[in-house]
Amino acid sequence: MIQVSVDGASRSIEADQRPTHLFSDNKEVVVCRINGVLKDLWTDLQEGDVVESILINSPDGLFVLRHSTAHVMAQAVQEVFADTKLGIGPPIKDGFYYDFDPKTPFNPDDLTKIESVMRKIVKDGQRFRRRVVTEKEALAELSHEPYKCELIGIKGPAGEEASVEVGGAELSIYDNLGRDGNPVWADLCRGPHLPSTKHIPAFKLMRSAAAYWRGSEKNPMLQRIYGTAWPSQDELNAHLELLAEAEKRDHRRLGTELDLFSFPEEIGSGLAVFHPKGGIIRRAMEDYSRKRHEEEDYEFVYSPHLTKAALFEKSGHLDWYSEGMYPPMIMDEELHADGTIKKPGQQYYMKPMNCPFHNLIFQARQRSYRELPLRLFEFGTVYRYEKSGVLHGITRARGFTQDDAHIYCTKEQMADELDSLLTFVLNLLRDYGLNDFYLELSTKNPEKFVGEDSDWQEATETLRKAAVAQKLELVLDEGGAAFYGPKISVQAKDAIGRTWQMSTIQVDFQLPQRFELEYSAADGSRQRPVMIHRALFGSIERFFGVLTEHYSGAFPPWLAPVQAVGIPVAEAFADYLADVIKQMKKAGIRAELDASDDRMQKKVRNAQMQKVPFMVIAGEEDMAAGAVSFRYRNGEQKNGIPIAQAIAEIQKTVAERTQV
RNA sequence: GCCUCUCUAGCUCAGUGGUAGAGCAGCGCACUUGUAAUGCGCAGGUCGUCAGUUCAAUCCUGACGGGGGGCUCCA
């Protein structure tokens, strides 16, 4: 008999009792902590051990569930495709993946096959048995698994991507034991695992894709299969529904359905055109942003989309950003008959950033400290040659417009400026309907930076203070800053909980130097200003896409392309309603009359699918009363509203930017 | 950029080695009095582009282009 502590209670148990016996009455317990370390339920117990049960639906439990499911998948893959080599297979958010090197890449039918073999393995109830091995034994046993052998070679304290395979003090192999107790499959793994495969309640393979071995472009491509695993079928279903919901509100789909924008092939990938309805939304977004920037004392500037190379040589972009730029256009070059250059041409580039132009505006004349902070704002359209594989609708494009501003201020003004800027940013985002934020502070990368340590420290500290003052969660992105200065970014969560990086606020130590920016201080000396880059939407297109998904296309009235659509109950009331719509238009409401031959039910359906916030309906009763009826997008209705009151209600929601 | 899947009418998608179909949208006509699809008819595609294989290609192969999912990167 030995004494152990089980979930806080001291117990004396037989020495051969294991946690799986102690918790046998609760099927939800799938793993445990022994003396604070996550362990299998089959682990031998020692005198004095402190054992805590871990439920399957806890973060640790889910981690183990998903990791074990990844193992089952690997086993199934090797059963179906015997020659497949194993990479790594960690748990991730909502699921897991496993990387394989198969003879031929997987196709969707293969996933179905693999999944059905997995179900068989789960039904089999194979036990996961841990076995500690030496490096030599592991290399011998896994000689046919080159990737695993490589991992054994790099086994270290915290090899991150390899941490579920190796890592920790010892190497271990997990055997899957069949019904007869004999091993049927084995994998190098640190563990821990579920007691047996039958503890996997619900899973599904999602997709196959490629991934570089150990995440580097230089390494070979492996085939990755993603899956998801949950403590119950209901939770799996809920997860699948969430994915379906995300797909329904995908801005690329809604962009077509609501006729907002498109990507004509003739223009090129990543280059969008906005249709009239998308144009209205975009203009409403820009107009409000412009108004708020005016109130915050920004000055509006414009700059061309093209520039000679000299500007980006001066800014340094051609040194460190040329890969992200479209290649130059060469103008006025003259050649000899043999093709050699007689007169070199002038190189012009599309601009990937606006800052150098704003610096030239700053420099256009002598600046005084009295002008600072000087805030130059531009809806600046930039072009970046993004790798084709990263393009994603309007949120990741090759041509886009930043709501870009550069603030030039004194060192002493920096703290106040950053503080008020952050408040401005967050309030503006809230005005657009986003309410759930956290902040990320990216600090110096000690390997790659320009500027003085003391400046970095001061700027980082100032950013941190500004962030803390917002009382939002602050995440540290250690070493994540660009080489020219620290930054804060605002991460916003949308209506279904996804996180988007929105605004960035970045201190720059490099450009003021490269451009030799100066102002005259009160004492007559020349001083270098501090430069702050900031974009609130990031890009208008991206923000447009995020809002589209956030609202699922049902924009609040102030952004909706059509705010009200008039639907007569029958043709006889069309004239009456036409007059009402006319009054609404006169009152500044984007209203239309549906005068088509469709029946009213069909018109309601059309307006519903176009997600129009106000359906203005009129029939006999309304006409007699000089009123209209509203139908809202949620199906609710309000009848007999006097015309003036109806107009006032719409105007109010628009003015207050509320959702209906 | 890399891996993989994919491209048929404006949209969503069937389909076949012998040059094509549906629903919705569009157009026309008729119909239509209370909150998510009235009926009938018409029109619409050199099946992404270019090559190759074949007696014959939308279908098979290749290259290129567009799109999706990932990796890597990022506003």
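Order of the sequence lines sets the chain letters (A, B, ...), proteins ahead of strands, with each chain counted from 1.
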Pair A:Lys603 + A:Asp598: basic N to acidic O under 4.0 Å: no

Would you say the base of B:A75 and the side-chain of A:Gln506 have a donor-acceptor pair closer than 3.5 Å? no

Below 4.0 angstrom, which residues in residues 594-624 of chain A have at least one non-hydrogen atom near RNA chain B? A:Asp597, A:Asp598, A:Arg599, A:Met600, A:Gln601, A:Lys602, A:Val604, A:Arg605, A:Gln608, A:Ile617, A:Gly619, A:Glu620, A:Glu621, A:Asp622

Check whether the side chain of A:Arg631 and the base of B:A36 form a donor-acceptor pair under 3.5 Å. yes

Side-chain donor-acceptor contact under 3.5 Å, A:Trp213 with A:Glu150: yes

Describe the nucleic acid contact of A:Arg542 in one word from base, sugar-phosphate, nothing, applying a heavy-atom distance below 4.0 Å. base

Is it the case that the base of B:G67 and the side chain of A:Ser269 share a donor-acceptor contact (distance under 3.5 Å, atom types as modelled)? no

Regarding A:Ser388, tell me which of base, sugar-phosphate or nothing describes its non-hydrogen contacts under 4.0 Å with the strands shown. base

B:G66 pyrimidine/purine six-ring stacking with A:Phe263, under 5.5 Å and 30°: no

What is the nucleic acid contact for A:Ser208, judged by heavy atoms within less than 4.0 Å: base, sugar-phosphate only, or nothing? nothing

With a 4.0 Å cut-off on heavy atoms, is A:Gln223 in touch with a base, just the backbone sugar-phosphate, or nothing at all? sugar-phosphate

Regarding A:Glu296 and A:Arg375, does a basic nitrogen lie under 4.0 Å from an acidic carboxylate oxygen? no

Report yes or no: is there a donor-acceptor pair, N or O only, under 3.5 Å between the side chain of A:Arg396 and the base of B:C73? yes

Classify the side-chain pair A:Gln659/A:Arg633 by whether it contains a donor and acceptor separated by less than 3.5 Å. yes

Is any NZ, NE, NH1 or NH2 atom of the basic residue among A:Glu378 and A:Arg290 found under 4.0 Å from an Asp or Glu carboxylate oxygen of the other? no

Rounded distance in Å between the C1' positions of B:G44 and B:G28: 15 Å

Would you say the side-chain atoms of A:Gln78 and A:Glu145 include a donor-acceptor pair closer than 3.5 Å? yes

For A:Arg207, report the nucleic acid contact type (base, sugar-phosphate, nothing); a contact means any heavy atom under 4.0 Å. sugar-phosphate

B:G70 base / A:Tyr212 side chain donor-acceptor hit below 3.5 Å: no

When the C1' atoms of B:U53 and B:G70 are considered, how many whole Å apart are they? 34 Å

Whole-angstrom distance between B:C7 and B:C60, as gauged at atom P: 10 Å

Determine the contact category for A:Arg384: base if any of its heavy atoms lies under 4.0 Å from a base atom, sugar-phosphate if only primed atoms, P, OP1 or OP2 are that close, otherwise nothing. base

Please state the C1' separation for the pair B:U12 and B:G17 - nearest whole angstrom. 27 Å

Please measure how far the C1' atom in B:U32 lies from the corresponding atom in B:G15, and state the result in whole Å. 38 Å

